[in-house]
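These notes concern the structure reproduced below.
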There are 2 protein chains.
Amino acid sequence: MTSDATQPTTAFCQHDHNHCIDSAMAQARHLCQQRGVRLTPIRQRVLELVWQSHQPLGAYTLLGLLAEEGFNSAPPTIYRALEFLQHEGLIHKLASINAFTGCCNPGTPHEGHFFLCLSCHQALEIDTSTLQHSLQNSAGKHGFSIAQQTIEITGCCAQCQSKQNTENHG
Amino acid sequence: MTSDATQPTTAFCQHDHNHCIDSAMAQARHLCQQRGVRLTPIRQRVLELVWQSHQPLGAYTLLGLLAEEGFNSAPPTIYRALEFLQHEGLIHKLASINAFTGCCNPGTPHEGHFFLCLSCHQALEIDTSTLQHSLQNSAGKHGFSIAQQTIEITGCCAQCQSKQNTENHG
DNA sequence: TGACAAGGGTTATAACGTAACATAACATCA
DNA sequence: TGATGTTATGTTACGTTATAACCCTTGTCA
Ligand SMILES: [Zn+2]
Ligand SMILES: [Zn+2]
Ligand SMILES: [Zn+2]
Ligand SMILES: [Zn+2]
């Protein structure tokens with residue numbers, strides 16, 4: 001048997017992405033039911049589309065995908081769905097690239113902080129708990145009260161680096 | 001005499017902002033001359049307009065101000081100037097609010113990291129050197145090679161907090 | 001003085017996002 | 001059931017942010 005349990009389920013790693021999708025959709029259904037909010041067909045489909053890979057997608061890209069499937073394709077449709085999903089903590093917006101990506105841990109409310117690979121365009125949601133201390137420290141020095149954090153680090157992921165090395169030296 | 005030397009010259013503090021402007025323009029002229037690039041009238045005026053306060057301004061706001069002064073007012077005018085100023089490290093773009101602000105230390109190339117006050121809309125460029133260790137640590141764990149960092153922390157500055165307290169309790 | 005590059009003018013369009021109002025679907029209760 | 005209020009969606013129009021493409025002027029220099 002394959003040891004699925006040991007596979008990472010994140011960006012920048014080979015993994016069973018269907019597991020990401022299934023897990024995300026199951027959590028979404030569960031959370032929405034628990035909160036008494038409606039994961040309508042449009043909202044559910046948008047969430048699935050966002051989760052189609054770990055590459056964040058723009059609102060109009062998503063809108064185009066919706067349109068292909070016969071859904072309404074006016075801008076408010078997608079922005080309303082995205083607003084709902086963001087509000088429920090099921091997706092994050094990446095301000096630096098105007099795109100949206102699924103949240104890996106929607107159960108606990110939090111802001112998304114990311115590594116973004118410029119080569120494969122995937123986003124990895126990272127844990128910034130060790131940053132938070134120095135950030136709060138800096139805020140304290142200035143008497144600044146933190147509300148929201150946009151932390152988006154671009155660069156090149158390990159996979160893409162090794163690919164590039166292979167190309168150059170092989 | 002007043003002790004100007006002890007005054008902070010940053011956002012979120014009362015200070016002689018003319019000093020900010022004069023210093024920024026002097027540095028800009030110096031750096032451009034040193035590098036053999038041209039701080040043309042449009043570019044210079046855009047930089048002055050960006051520096052008119054510590055509140056970041058949008059491209060079209062700046063374009064409107066240019067237009068009022070008889071400059072050309074088509075979008076490429078402002079985007080070209082902003083691109084030049086960014087490239088020379090004289091301004092930073094704030095991705096989370098699509099706005100531009102002057103760089104406080106253009107001599108040493110760096111990325112801008114900011115506290116943004118939601119109340120007075122000023123931006124304070126902060127030192128994130130203490131963050132960098134944990135960020136590089138996190139990147140190292142994932143084999144991620146960092147290229148560029150978008151770090152924009154919104155909240156409420158000390159001045160605005162004390163104003164709000166005065167309003168509520170006074 | 002002709003090649004060339006940099007800067008800027010002009011027009012058009014792409015990309016991203018929202019306001020405002022009408023209608024449909026759903027829930028609730030007399 | 002039917003009235004009523006709420007939530008979700010449809011629809012049109014517009015606002016905001018950013019870039020592509022083309023051309024002309026100006027300065028530089030062999
Ligand atoms: Zn996955
Ligand atoms: Zn990659
Ligand atoms: Zn100042
Ligand atoms: Zn403030």
Side-chain angles (χ1 to χ4, degrees), chain A residues 28-29 31-47 49-50 55-88 90-101 116 121 150 152, chain B residues 28-29 32-33 35-47 49-50 55-88 90-101 116 121 150 152:
Chain A
R29 276 187 291 269
L31 288 169
C32 288
Q33 191 175 19
Q34 207 172 40
R35 296 170 186 168
V37 296
R38 292 165 56 198
L39 191 63
T40 63
I42 291 178
R43 292 166 176 177
Q44 172 159 344
R45 190 63 189 134
V46 170
L47 184 58
L49 290 170
V50 164
Q55 173 178 343
L57 296 179
Y60 279 72
T61 301
L62 291 163
L63 189 57
L65 295 170
L66 274 188
E68 282 178 10
E69 302 176 8
F71 286 93
N72 182 34
S73 63
T77 300
I78 191 66
Y79 282 103
R80 285 164 179 162
L82 292 171
E83 185 186 22
F84 170 86
L85 295 171
Q86 269 191 279
H87 184 259
E88 297 303 326
L90 300 170
I91 62 173
H92 296 292
K93 175 170 185 176
L94 295 163
S96 65
I97 56 172
N98 295 319
F100 300 83
T101 195
L116 306 178
H121 306 288
T150 299
E152 298 168 17
Chain B
R29 277 187 290 268
C32 287
Q33 193 176 18
R35 296 170 186 169
V37 296
R38 292 165 56 197
L39 192 61
T40 63
I42 291 178
R43 291 168 177 177
Q44 172 159 345
R45 190 63 190 133
V46 170
L47 184 57
L49 290 170
V50 164
Q55 176 178 339
L57 296 179
Y60 279 74
T61 302
L62 291 163
L63 188 57
L65 296 170
L66 274 189
E68 281 179 9
E69 301 177 10
F71 287 92
N72 182 35
S73 63
T77 299
I78 191 65
Y79 282 103
R80 285 165 180 162
L82 292 171
E83 185 185 22
F84 171 85
L85 295 171
Q86 269 191 279
H87 184 257
E88 297 303 325
L90 299 168
I91 63 173
H92 295 292
K93 175 169 185 177
L94 295 163
S96 65
I97 56 172
N98 294 318
F100 299 84
T101 195
L116 306 178
H121 304 290
T150 299
E152 300 168 18

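Since the structure is predicted, the reported quantities are computational estimates derived from the model, not experimental observations. Below, chain A is the first sequence line, B the second, and so on; all start at residue 1.
Rounded to an integer number of Å, the gap from NZ of B/Lys93 to P of D/dT16 is 16 Å. Summarising the geometry, the separation between CG on B/Asn98 and C1' on D/dA18 is reported as 9 Å, rounded to the nearest angstrom. Going from atom CD1 of A/Ile42 over to atom C1' of D/dT11 covers 13 Å, rounded to whole Å. Rounded to an integer number of Å, the gap from B/Arg80 CZ to D/dC22 C1' is 10 Å. For B/Leu94 and D/dA18, the CG to P distance is 11 Å, given to the nearest whole Å. Computed from coordinates, the A/Leu62 CG to C/dG17 C1' distance equals 14 Å when rounded to whole Å. Distance CD (B/Gln44) to C1' (C/dG8): 17 Å, rounded to an integer number of Å. Following rounding to the nearest Å, A/Leu39 (CG) and C/dA25 (P) show an atom-to-atom distance of 19 Å.
In terms of polar N and O atoms assigned as donor or acceptor, the side chain of B/Arg43 never comes within less than 3.5 Å of the base of C/dG7 in a complementary pairing. Not a single donor-acceptor contact under 3.5 angstrom links the side-chain atoms of B/Tyr79 to the base of D/dA20.
Side-chain atoms of B/Arg43 do not come within 3.5 Å of backbone N or O of B/Leu85 as any donor-acceptor pair. Looking only at distances, a side-chain donor or acceptor of A/Glu152 sits under 3.5 Å from a matching main-chain atom of A/Ala95. No donor-acceptor distance shorter than 3.5 angstrom exists from the side chain of A/Arg45 to the backbone of A/Leu66, with no hydrogens or angles considered. Side-chain atoms of B/Arg35 come within 3.5 Å of backbone N or O of B/Glu88 as a donor-acceptor pair.
Closest approach of A/Leu47 and A/Leu90 over heavy atoms only: CD1-O, 4.0 Å. When every heavy atom of B/Ile91 is checked against every heavy atom of B/Phe100, the shortest pair comes out as CD1-CD2, 4.0 Å.
Residues B/Ile97 and A/Thr77 each lie close to DNA chain D; by heavy-atom proximity, the contact nearer the 5' end of the strand is made by A/Thr77. Mapping A/Phe84 and B/Pro76 onto DNA chain D by nearest heavy atom places A/Phe84 at the nucleotide closer to the 5' end.
Backbone-only contact: A/Arg38 has heavy atoms under 4.0 Å from sugar-phosphate atoms and none from a base.
Under the side chain to side chain contact (heavy atoms under 4.5 Å, CB included) rule, B/Lys93 has a single partner from B/Thr150, B/Leu82, B/Asn98, which is B/Asn98.
Look at B/Asn72 and you won't find any side-chain N or O under 4.0 angstrom from OP1 or OP2 of C/dG8.
Here B/Tyr60 counts as stacked on D/dT17: its ring centre is under 5.5 angstrom from the base ring centre and the planes meet at under 30°.
Each end of the helix from C/dT1-D/dA30 to C/dA30-D/dT1 gets its own axis, taken as the rotation carrying the C1' atoms of four end pairs onto the next four within a five-pair window, and the two axes meet at 10° to the nearest 10 degrees.
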